[in-house]
Amino acid sequence: MIVSESGTEIAAELAVLGSRLARIAQRFAKTRAHSLGLTQPEYRTLRALRRRGPRRMKDLANWQLLSSQTMSQTVDGLVVAGLATRTEDPDDRRHLLIEATTAGLERLASYEAAFVEYLEGALDELDESELSEIAKALGRLNATISAKREAGYFRFRREAVNA
């Protein structure tokens, strides 16, 4: 397979942008966690629950690349704060489902609004149509990557490494 010039540019930009945005999000979360009432793992968990609905703890941990212990502590914090609930999985009573509460979704919306405000200075040189195009393209990219990830595309392939 021949990699296109655009594909190479996209890969390079995403590699830089991904780590840069992760640092910005971490810095924001550290400085605002107390005032916004959410840590970064809690934010990501509520966001996953909003997008995907109630999920098992193992699924949440896998999606976020967190250990079971960290995920459990994160969910414990959300439950104690009234931002999420644990309920029995109707398909398998041995497992619990984690679900965001209305208060959790409201806290998530407040967090996201504050993050948008925090980012506005970085985006103020782009006009609304450019921002809209970027948002749509990123949404499509994220959906495509999510679908491929769910289908197992990004799983480790031992035979590819040994080849």
Side-chain angles (χ1 to χ4, degrees), residues 14-124 126 128 131-157:
L14 285 176
V16 172
L17 187 60
S19 61
R20 186 173 290 159
L21 289 175
R23 285 192 308 273
I24 289 169
Q26 287 170 346
R27 191 173 305 122
F28 172 81
K30 274 187 178 179
T31 61
R32 305 278 179 93
H34 183 69
S35 64
L36 293 173
L38 284 180
T39 63
Q40 190 176 30
E42 289 171 337
Y43 158 73
R44 290 178 21 211
T45 300
L46 285 174
R47 190 165 187 282
L49 292 171
R50 182 184 64 197
R51 291 181 72 186
R52 298 172 184 256
R55 294 292 178 208
R56 291 180 181 175
M57 187 107 55
K58 180 180 179 183
D59 294 335
L60 291 169
N62 287 339
W63 289 330
Q64 297 182 61
L65 303 175
L66 295 174
S67 69
S68 296
Q69 180 181 0
T70 300
M71 191 75 256
S72 182
Q73 291 170 343
T74 299
V75 169
D76 287 346
L78 290 171
V79 170
V80 167
L83 304 177
T85 60
R86 287 184 180 102
T87 58
E88 191 176 271
D89 185 340
D91 296 329
D92 186 343
R93 296 168 58 188
R94 295 173 295 169
H95 297 281
L96 296 174
L97 290 178
I98 313 306
E99 183 172 11
T101 63
T102 301
L105 296 176
E106 289 170 359
R107 182 84 52 91
L108 175 63
S110 295
Y111 187 100
E112 288 176 333
F115 190 56
V116 167
E117 188 177 307
Y118 180 77
L119 286 177
E120 280 184 345
L123 304 175
D124 61 2
L126 302 171
E128 188 59 35
L131 292 172
S132 179
E133 287 176 38
I134 291 168
K136 288 176 188 173
L138 288 174
R140 287 191 309 270
L141 177 62
N142 196 20
T144 299
I145 289 172
S146 291
K148 286 186 182 262
R149 184 174 120 188
E150 294 294 319
Y153 182 83
F154 296 106
R155 286 202 177 95
F156 178 73
R157 295 188 182 113

Measure the OG1-CD distance between T70 and Q64 for me, rounded to the nearest 0.5 Å. 10.5 Å
Tell me which pairs pass side chain to side chain donor-acceptor pair (under 3.5 Å) where either residue lies in residues 15-25, with sequence neighbours left out. none
Which atom of L49 lies closest to which atom of R55, heavy atoms considered: CD2-N, 4.0 Å
Between S35 and R32, is there a donor-acceptor pair closer than 3.5 Å when you use the side chain of the first and the backbone of the second? yes
Residues 97-106, side-chain donor-acceptor partners within the protein, below 3.5 Å, at least two apart:
| from | atom 1 | to | atom 2 | distance (Å) |
| --- | --- | --- | --- | --- |
| T101 | OG1 | G82 | O | 2.7 |
| T101 | OG1 | L83 | O | 3.2 |
| T101 | OG1 | A103 | N | 3.4 |
| T101 | OG1 | G104 | N | 3.0 |

Is the CZ atom of R52 crowded by more than 12 outside heavy atoms at less than 6.0 Å? yes
Between atom CG of L141 and atom CG of L14, what is the distance when rounded to the nearest 0.5 Å? 6.0 Å
Quick one: list whatever passes side-chain contact (heavy atoms from CB on, under 4.5 Å) with D76, sequence neighbours left out. S72, R86
CA sep, side-chain torsions, deciding dist, call: L60, R44, side chain to side chain contact (heavy atoms under 4.5 Å, CB included): CA-CA 9 Å; L60 291 169; R44 290 178 21 211; over 6 Å; no
So how far is it from S67 OG to Q73 CD, rounded to the nearest 0.5 Å? 7.5 Å
So, R107 and E112, do they make that salt bridge, N to O below 4.0 Å? no
For a side chain to side chain contact (heavy atoms under 4.5 Å, CB included) check, start with the C-alpha distance between L96 and D89, then their side-chain angles and the critical distance, and finish with the verdict. CA-CA 5 Å; L96 296 174; D89 185 340; over 6 Å; no
Straight-line distance of R140 CZ to T144 OG1, nearest 0.5 Å: 8.5 Å
Let me check something: any side-chain donor-acceptor pairs from residues 114-123 under 3.5 Å, sequence neighbours excluded? List them with distances.
none

For residues 43-97, which residue pairs qualify under ring pair (Phe, Tyr, Trp, His ring centres under 6.0 Å), counting only residues two or more places apart or in two chains? Y43-Y111
Just wondering, do L138 and N142 contact through their side chains at under 4.5 Å, heavy atoms? no
Taking every non-hydrogen atom, the tightest pair across R50 and L108: NH1-CD2, 3.4 Å
For residues 24-31, dump all side-chain donor-acceptor pairs below 3.5 Å to protein atoms at least two apart in sequence or in another chain.
| from | atom 1 | to | atom 2 | distance (Å) |
| --- | --- | --- | --- | --- |
| T31 | OG1 | R27 | O | 3.1 |
| T31 | OG1 | F28 | O | 3.2 |

Closest heavy-atom contact between L66 and M71? CD1-SD, 4.2 Å
Side-chain heavy-atom pair L78, L38 within 4.5 angstrom cut-off: yes
Test side chain to side chain contact (heavy atoms under 4.5 Å, CB included) on I145 and K148; report intermediate values, then the result. CA-CA 5 Å; I145 289 172; K148 286 186 182 262; 5.8 Å; no
Please round to the nearest 0.5 Å and tell me the distance separating atom CG of L131 and atom NZ of K136. 12.0 Å
